[in-house]
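Take a look at the structure below.
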Amino acid sequence: PGARCDLAHLDLYRLPERASLVDLGLDDFLEYGVVAAEWGTRLAATYPEHVLVTLDDLPGRAESRHVRIEGHGARGVAVVAALVAAPEGA
């Protein structure tokens with residue numbers, strides 16, 4: 001059920017500041033996959049069309065998180081709109 005795609009996880013905190021994100025080969029991967037990146041704001045300048053998902057701890061609720069989903073650029077906004085419009089459980 002639902003769409004399937006490849007997922008790559010990146011921890012960009014460990015990537016040196018001067019390292020080129022293009023050298024990671026993300027352009028090719030993004031043709032068919034999704035990237036989940038810790039410290040993903042480091043990708044914003046290179047990939048302005050994106051969806052930013054932020055997880056924040058809730059004070060006093062160790063097992064709970066506040067999730068914020070923001071679309072950036074036309075493609076990111078369209079992806080978030082599709083998520084909002086999707087029927088629950090889809």
Side-chain angles (χ1 to χ4, degrees):
R4 295 186 183 269
C5 65
D6 290 335
L7 172 69
H9 171 259
L10 303 176
D11 184 349
L12 297 177
Y13 176 76
R14 302 191 186 285
L15 191 68
E17 287 288 331
R18 290 185 165 55
S20 172
L21 294 171
V22 176
D23 292 340
L24 295 175
L26 294 181
D27 289 333
D28 294 332
F29 184 82
L30 288 171
E31 294 283 327
Y32 60 89
V34 174
V35 172
E38 295 179 57
W39 296 81
T41 53
R42 293 183 178 192
L43 288 174
T46 306
Y47 299 97
E49 303 275 330
H50 64 275
V51 175
L52 178 65
V53 179
T54 306
L55 305 173
D56 294 313
D57 292 331
L58 293 175
R61 298 180 65 190
E63 300 297 320
S64 299
R65 302 290 182 271
H66 177 261
V67 179
R68 185 174 52 244
I69 303 172
E70 304 170 52
H72 296 269
R75 183 175 180 204
V77 169
V79 168
V80 171
L83 287 172
V84 171
E88 189 172 326

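Computation of the quantities below employed the complete heavy-atom set of this structure, encompassing side-chain atoms and omitting hydrogens, waters and symmetry-equivalent molecules.
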Set of residues satisfying side chain to side chain contact (heavy atoms under 4.5 Å, CB included) with respect to Val80, sequence neighbours excluded: Val51, Ile69, Val84

Glu49 to Arg75 - nearest heavy-atom pair and separation: OE1-N, 2.6 Å

side-chain contact (heavy atoms from CB on, under 4.5 Å) partner of Val35, the single match among Leu30, Asp6, Leu7: Leu30

hydrophobic_cluster_shared for Trp39 and Leu52, side chain cutoff 4.5 Å: no

Residue pair Leu26 / Thr46, side-chain heavy-atom distance below 4.5 Å: no

Co-membership, hydrophobic cluster, residues Leu10 and Phe29, 4.5 Å side-chain: yes

Salt bridge (Lys or Arg N to Asp or Glu O under 4.0 Å) partners for Arg68, two or more places apart: Asp56, Glu70

Ring pair (Phe, Tyr, Trp, His ring centres under 6.0 Å) partners of residues 40-80, not counting sequence neighbours, each pair once: His50-His72

Side-chain donor or acceptor of Arg42 paired with backbone N/O of Leu12 under 3.5 Å: yes

